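Report on one structure; see the data block that follows.
In the text below, chain A, chain B and the rest are named by the order of the sequence lines, each starting its count at 1. Predicted, not measured: the structure shown is a model, and the values here were computed from it.
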Amino acid sequence: SQQGEEDPQALSIQEGENATMNCSYKTSINNLQWYRQNSGRGLVHLILIRSNEREKHSGRLRVTLDTSKKSSSLLITASRAADTASYFCATDGGAITQGGSEKLVFGKGTKLTVNP
Amino acid sequence: NAGVTQTPKFQVLKTGQSMTLQCAQDMNHEYMSWYRQDPGMGLRLIHYSVGAGITDQGEVPNGYNVSRSTTEDFPLRLLSAAPSQTSVYFCASSYSPGTYYEQYFGPGTRLTVT
């Protein structure tokens, strides 16, 4: 069953604009991760944010986490054509096993298109 | 480091055939997992392993077998292929059991079952 659900399913913007993608989840979590997938390729890890963190930055990426609303957002600033990809959130469902949940559950992804 | 490698990249099977998808990592990661990705479905966990000799089922394990005899390798076996197993399969590994660490993904195997 899906734990995280991304919104919107698809997003098309112009180069230089900011892109915001949202992820909602159902149960409490220990952490949430964001991944990028270029067409026909494997997933690449972007950011991991823990449940006691509210915001993390990495270059042009900013991730926020609101555990009270069970939601996270990924902001890409000053987007480039190379940012065209699908973006997935993944959560652990909150289970505590051997120091961390063993299962990472992915959402269905947001397909971002950045037009030159 | 090669990271996570998967072979083959593409495969076409007839219904009822069996095959093994290979996955190897050279990062000495304890945790390895197999996902399938279908259009509009995201990634779904098939099987995972927290170390050599230890495997467990994920969300969609039926029709697949795994074993983990070494830290490096985690093959996925399709016992009797069915058209419903047409999908893209990804292997992933991480430093420690699952979700406190980032997962490294292989390039995927695109499987078609006719």
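Side-chain heavy atoms closer than 4.5 Å link hydrophobic residues (I, L, V, M, F, W, Y) into clusters, and following such links, possibly through other members, connects B/Val88 to B/Leu45. Tracing side-chain contacts under 4.5 Å through hydrophobic residues (I, L, V, M, F, W, Y), one reaches A/Ile49 starting from A/Leu46; they form part of the same cluster. Hydrophobic clustering, with ILVMFWY side chains joined whenever heavy atoms are under 4.5 angstrom apart, keeps B/Leu43 apart from B/Leu111. Clustering ILVMFWY residues whenever any of their side-chain heavy atoms sit less than 4.5 angstrom apart, transitively, puts A/Tyr87 in the very cluster that holds A/Leu65.
Between chain A and the options B/Tyr104, B/Tyr35, B/Phe105, heavy-atom pairs under 4.5 Å are most frequent for B/Phe105.
Judged purely by atom type and a 3.5 angstrom limit, A/Tyr35 uses its side chain to pair as donor or acceptor with the backbone of B/Gln103.
Residues A/Leu48 and B/Tyr101 come closest through the heavy atom pair CD1-N, 4.1 Å.
Contact annotation for A/Gln37: only side-chain heavy atoms (C-beta onward) come within less than 4.5 Å of a heavy atom of chain B. With a 4.5 Å cut-off on non-hydrogen atoms, B/Gln6 does not touch chain A at all.
The CD atom of B/Glu102 lies 11.5 Å from the CD1 atom of A/Ile47; values are rounded to the nearest 0.5 Å.
For B/Thr55, the side chain to side chain contact (heavy atoms under 4.5 Å, CB included) partners two or more places apart in sequence, or in a different chain, are B/Ser49, B/Val66, B/Arg68, B/Phe74.
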